[in-house]
Amino acid sequence: MAPSVPQNPTPAQALALLPKLSDADADLRYMSLNDLYNTLNAGASTFLTNDYHTSAKIIDGVLQTLDDQNGEVQNQAIKCVSALVLKLPPDILAPFVHRVSNIKTTHSVDTSIPSTALRTFITAFPRPLPGLPPSGKSQDAYSAISRVLIPRLLGYIVIPHGLENLPSPPPGMLEIGSEKGANSDAVDILIEVVRCFGPMLQDPEKQAFQKAIMSILDDERTGSVIKKKAVVAISILAVYMSDRLLSTFVSSTIESFRGSHLTLPKRRLLITMIGSLSRSIPQRLGPYLKTLAPFVLSALSAQEYEDSMEELAEDGAPNPEIEEVREAGLVALEGFLSSCSKDMRIFTDESIEAALRYVVYDPNTATDEDDEDMGGTQDEHEEDAETNGFDNDEEDFEEDGAMSDDDDASWKVRRCAAKALYAIISTRSNGDLLDNGTLYDKIAPVLIGRFKEREENVRLEILATLASLIRKTGEGVSLLSASVDEDIDFTAEYASRSRKRRRVNSDAGSFDVPGVFSSSMGLSSPAPSPSPVSGPKADLARLSTAIVKGVSKLLKQNSVPTKQASVTLLRDLVLVQNGGLSDSLGKVVEPLLDAVKSSGAPATGSASTSVGGAAAASGSKMRIEALQLTSAICDTHSSRLVAPYIGSIVPSIVAAIKDKYYKVSSEALVAVESLIKILTPPRSAGSEQQRKLHIGSIYDAISARAVATDADLEVRQRAIHALGVFLARTSGSSNVKLVTTTNKSKALGILQDRLKNETTRLSAVKAVDLVVASAVDQNDVQPVWARGVALELGAQLRKADRSLRGASLAALRNFVSNSVALASLDDDAVYNLAGMLLPLINSTDLNLLGPAMSILGKLVQRCPKKVVDTSLNNALCGVVLSPLGGAVFDSYLGLVKIIGDQAVGQPLMQGLLQNVGVSGDPAVVGKAIGTLLVSGGSTVGVKINDFATELRSSKDGKRKCLALSVLGEAGLRLGSSSPLEPTVFTDHFNSKSENVPRAAAIALGRAGAGNINTYLPIILSNSGKAGNLQYLSLHSIKEILQHAGKAHSDISPYTKEIWNQLLVSSQAEDNKAIGAECIGRLTIIEPKTFLPLLQSYLQDPTPTVRGMVIQAIRFTFADSDDAFDEILKPMLIKMLTTMLNDPNLENRRLALSTLNSATANKSDIVLPHLSQLIPLVMKESRVNTDLIREVQMGPFKHKVDDGLELRKARAPSCTKCTAYETLYSLMENAYTRINPLDLFDRVIAGVEDEHEIKVLCNLMLTKLIVLDPEEMVRRLDAIAERFRAILAFKPKENSVKQEMEKAAEASKGVLKVTVLLHNAFPAASTTAANVQGQAWKGYWEWVGKEFKPQFTAVENEVKSQAT
């Protein structure tokens, strides 16, 4: 056995291993090389630096084993080369390269060993990066490569490096031999030299490489494999060409295209080359496409097509060289369209025509071009004939032509044309060709006509391309079936509502649960979606019948990939249209169910082909997608349409539920939920006897799966959820005939049992939620079961799993909201349940606090004396010490009101007054006390006059604020019966305390909202006075307007006067914001009167007036109703356009905030016209040099960018929006309406902008990974360049701490996005010989080496966040 390698080996120990390299035993030679490899790796970096003798001996030994007759020994010797070159003295590297490049293999069978060793030498050193100084080892390696390897490749010395009279090198490895042509191994070496040392190559070397590569490409003796490698080489070399060299190269390429002796092979080669360049250097090649693209398009032109067809008619067979030119042209066109889409806009029509021309090109089959262009618009008789005689139509796919299919290569042309169309759809849809109808008018009909394509590879591409167009039309419609984990998140819903501004506060803080529940449970049969009059969806609806007709034929074929692609397309079609198969179900259901029943046989033909990013086809995958389509059909079509097929659908789904493959079974359980909804009232498809039979078989299947111990966890979870849907839909006495009492009791028992199992607990909670929410009588929630389940749900609130706690709280909320379920609980159960909720009554988790208080409110109504005890009162007193707001505070006030209504509020009142008092926020505490004071009346032990006395007598400012808040809330709730006069509040407007005047103004407004006729005239008289009194009056008016919808008297007689007062008072600097909000809220009350006035004020010459109006419009969006929207709709877009074009910089910033709010709250009005607004936002995100000025600061000049505030992200306290924030909001809410090319340009540009913009753009990049992965892959190289610059930036040593922290934060953000990009697109970071993504690959390797500690920390952080 070989000795172990010492920890710090010496050269002598390495030298001792060399004799065994000549041993006759191959195993000994291998083990010696292995020990040598480990020794070299274990040695220090200076291991052999000064020991030339040992270095030379080791080189001799390694080179000797490179010519070994044993392949394993040779491979180990190659490994030793990579370890050895990093330890050799720099002076020996050049001789080492010389010797390796001149090895003559006499014993080895593999002649590529020398080139493999050279490539190993090249890749062993750290790669230099553009813009960064190379490491010392990289410099030494490049010196050896430049002096020895490059002359050896080329056959002449390119750069003499100061040496004279050098001997001529031997014939170059790249020189073309007389017989065999160019050496493939030499081209591989050249590729590695350029890939690894491209940034260090000098222009003469790049030029020499270019010349050598082009000579290889031009030589007729060069084989196709070597030519492909040469194209890769020139594409990688182009990445490192200077602008001058690239311009010269492109010029020579153009001259070659224009040459009079341009042969077809040469033309194909040139087209292939520029197509490859478009992928490797898209940004640099883009400007040249204006000249280069016509050469490619000419090869695909109608003229050349007609000429070739005439030649075909004469010769009887197509010219294979012409076919290859077309294939190369379409591949290049796809590259242009996907990588340089913006530069190809001027060639849009020509590109579409070329792709359409050749997607139908089939010289082996006679076709009717007119039929192709119509794309399946035949009349009904033709349709019936084709459907009835489909077996004969299969001949379309196998027709005999002028030559055999083996000789026909036209399918490659058609496939490339389909890919080009896919590129057009993926890059030019959003806000572009999709909206103007081009894609549906020109492309879609031709794709539909090509469903009869005889070659499966092409057919799959066509189906994937059309499916992509349909998905683009969906505008954000989810194309995935629902699952157990995709239920509505109750706590998330609560949190979102708590952040939403609302016009009228709710007393109960409850939610519109029935609406959510009704839609999720499918209580009503879905009505057909009305076809839109215009737009992409209208275009899709027009072609829907033709699509279904063509796909229904394909579903009858035996090919699994074709059937799977067809099912996927139909699923997307149904989901995007929310139906669409009403007239065609008969054609689809039978073949669809055959697909559901299909065994998991391996796919035939090109089953492994990946189309349009789709996964490889398989029988199981097809069954899953067929089940998804079945579920979608049941969810989106009326029961009347589905009823005739229920007898076939149910057995197929039930059989799939029992399938052994867990993914099929799991998807079948999702589909069965849709079937349950169809079979049960009010939808009730089929006769009662049929429904009873089907319901019984469904129950048996899902109940068996729910308790099966051998079933996969996902299957059991979905079965439990399906069981919940089953019980919910069969509730009530009207459904007794569908499911027996025994089966219902057994199902309820299964759910209760599954609640106690840790792995199925969450699914069971959600199932119970459905059951209790839909309970109609005591049979649905039996008392014993109800008490046990309620207490079990309460016990789940102590668990650490947040999603489980949220789901349990949602179930309890539905439990207590249902009077039948709540009546099943006895007093002890109510008391115990209230005790389980008490730990949630704290401000630690506001998302759980709100619903917990809503549930307690119901329990208090059910059993007030048992629930309201000291513990609850103490908890409520503790919560109010925290700053509450939104829906959470509404729930708190709702609970307090219920406690007062039940006459058990005196202890709580004492606690609020004695234990809380002024310790909390007076505005919050005062509202709670005021609510309890009014609702409890005489039972709470205090009266309203007590607080009025406290207000008059107290000297403490906080106590006055608390008393004012209590009185204001009491006045609001008492309305006109309130004994309070306005002077109670106005007397404190002049208080010397800082907070009392504002508290008095707010309290005056709240009291005034309850008694407008008494209070409002006094408030308006004060608002006409200048100074602080005017400012305070605006706060009072704001409170009144906020509660105008709930006011006890009409505000309309005063609106005109309020408007006039607001216009005047809002001109003061301090009043702008509050005045604008008041104007906006007043506009909501009378939109017909005030909206046109606001629009006219946008033309006011005074910037402050326009700014006030812009803000006022923003305040109208969140709280308005449908009637307001009808008036707003005709004028909103014009107003937004006017705002965004405002000459005042600050007003444009306000306008961006208004647009942001409009997009979030009035999306149905804004989104159809977003194409008019987006360019204005994009404009503000660009650096405007006109806004950059120089400022003299002492002896220094400093540049100030006045437009920066308009671009960068805002502080949390800022009420204004910025360009990048607006883009971020639009990206999240309306990505399908934005041109992705323009958006990516702005985001990538923002990565190198100011710090705040960098942070936001990094966040946008993480979102775009999901929103548009295809475009993200194309932009990786551009992103890599920006990221590298940020990571390479080093702050000066004397930089302030803030600058150092910003740099560190920017680097961490970049590293995090880098990890996310790699996780999303791991193939892009590999070192495969792919011309696209070279910059990203190099960047990825550099980050992994240079920032390893930080990178590892960020990777761990990303992993922890993901879990």
Side-chain angles (χ1 to χ4, degrees), residues 126-135 138 195-201 236 238-243 246 280-284 286 1181-1183 1185 1188 1199 1201 1204 1207-1209 1220 1239-1262 1264-1265 1271-1293 1295-1296 1298-1318 1321 1324-1325 1332-1351 1354:
R127 294 187 183 184
L129 294 170
L132 298 177
S135 64
S138 296
R195 190 196 304 276
C196 297
F197 290 91
M200 297 181 70
L201 293 175
I236 297 174
V239 174
Y240 304 105
M241 284 184 182
S242 64
D243 291 339
L246 181 61
S280 65
I281 51 168
Q283 291 179 316
R284 298 180 66 194
S1181 70
R1182 293 182 174 87
V1183 177
T1185 54
I1188 299 176
K1199 287 188 176 182
D1201 185 357
L1204 177 60
R1207 297 196 312 276
K1208 75 177 185 181
Y1220 273 101
L1239 179 63
F1240 270 89
D1241 286 345
R1242 298 317 314 143
V1243 174
I1244 294 173
V1247 169
E1248 53 188 358
D1249 209 317
E1250 294 296 323
H1251 177 72
E1252 294 87 349
I1253 300 175
K1254 285 179 185 175
V1255 173
L1256 186 57
C1257 287
N1258 282 337
L1259 180 59
M1260 293 174 77
L1261 286 174
T1262 62
L1264 287 169
I1265 292 173
E1271 186 64 23
M1272 181 61 77
V1273 170
R1274 301 183 192 110
R1275 301 291 184 131
L1276 285 178
D1277 284 355
I1279 294 170
E1281 293 175 8
R1282 271 72 173 186
F1283 279 7
R1284 183 184 291 120
I1286 293 172
L1287 293 175
F1289 173 74
K1290 304 296 181 186
K1292 296 179 181 178
E1293 294 182 1
S1295 297
V1296 296
Q1298 186 180 13
E1299 292 298 323
M1300 302 287 284
E1301 290 175 349
K1302 282 185 177 180
E1305 184 183 353
S1307 296
K1308 184 179 179 181
V1310 163
L1311 289 174
K1312 185 174 182 179
V1313 179
T1314 300
V1315 172
L1316 293 173
L1317 286 169
H1318 171 71
F1321 316 109
S1325 306
Q1332 190 172 8
Q1334 291 299 314
W1336 175 259
K1337 293 169 190 172
Y1339 163 76
W1340 172 255
E1341 294 175 0
W1342 173 69
V1343 167
K1345 292 178 182 178
E1346 299 296 324
F1347 298 88
K1348 190 171 183 179
Q1350 305 98 305
F1351 192 67
V1354 169

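Sequence positions, counted from 1, serve as the residue numbers for this chain.
Closest non-hydrogen pair, Gln283 versus Ala1278, comes out as NE2-CB, 3.7 Å. Here the closest non-hydrogen pair linking Pro128 and Pro199 is O-CG, 3.5 Å.
Partners of Phe1240 according to the ring pair (Phe, Tyr, Trp, His ring centres under 6.0 Å) rule, which considers only residues two or more places apart in sequence or in another chain, do not exist here. Remark: Glu1271 pairs with Arg1274, Arg1275 by the salt bridge (charged side-chain N to carboxylate O under 4.0 Å, His left out) rule, at least two apart or across chains. The side chain to side chain donor-acceptor pair (under 3.5 Å) check on Ser1307 picks up nothing, with sequence neighbours excluded. Every residue meeting the salt bridge (charged side-chain N to carboxylate O under 4.0 Å, His left out) condition with Glu1248, not counting sequence neighbours, appears here in chain and number order: Arg1282. In this structure, the side chain to side chain contact (heavy atoms under 4.5 Å, CB included) partners of His1251, at least two apart in sequence or on a different chain, are Val1255, Lys1302, Glu1305, Ala1306. The ring pair (Phe, Tyr, Trp, His ring centres under 6.0 Å) check on Phe1283 picks up nothing, with sequence neighbours excluded. With sequence neighbours excluded, no residue forms a salt bridge (charged side-chain N to carboxylate O under 4.0 Å, His left out) with Arg1242. Taking the side chain to side chain contact (heavy atoms under 4.5 Å, CB included) definition, one finds that Glu1346 meets it with Trp1342, sequence neighbours left out.
The shortest side-chain heavy-atom distance between Arg284 and Asp243 falls under the 4.5 Å cut-off. For the pair Phe1347/Val1354, no side-chain contact is recorded, criterion being any heavy-atom separation below 4.5 Å from C-beta on. Side-chain contact between Leu1311 and Val1343 is present, with at least one heavy-atom pair separated by less than 4.5 Å. A 4.5 Å side-chain heavy-atom check between Val1247 and Val1313 finds every atom pair outside the cut-off. The shortest side-chain heavy-atom distance between Leu1316 and Leu1261 does not fall under the 4.5 Å cut-off. Between Asp1277 and Val239, the closest side-chain pair of non-hydrogen atoms is not below 4.5 Å. Side-chain contact check for Lys1312 versus Asn1258: every heavy-atom pair is 4.5 Å or farther apart. Considering only heavy atoms from C-beta on, Val1310 comes within 4.5 Å of Thr1314 through its side chain.
How far NE2 of His1318 is from CH2 of Trp1340: 4.0 Å, rounded to the nearest 0.5 Å. The NZ atom of Lys1308 sits 15.5 Å away from the CD1 atom of Ile1286 when rounded to the nearest 0.5 Å. We find the CD1-CG distance between Ile281 and Leu246 to be 4.5 Å, quoted to the nearest 0.5 Å. Ile1253 contributes atom CD1, which lies 6.0 Å from atom OH of Tyr1220 (distance to the nearest 0.5 angstrom).
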Please report the C-alpha distance between Tyr1339 and Leu1287 in whole Å, then the side-chain angles of each, then the deciding distance to 0.1 Å, and finally whether the side chain to side chain contact (heavy atoms under 4.5 Å, CB included) criterion is met.
CA-CA 11 Å; Tyr1339 163 76; Leu1287 293 175; 3.6 Å; yes

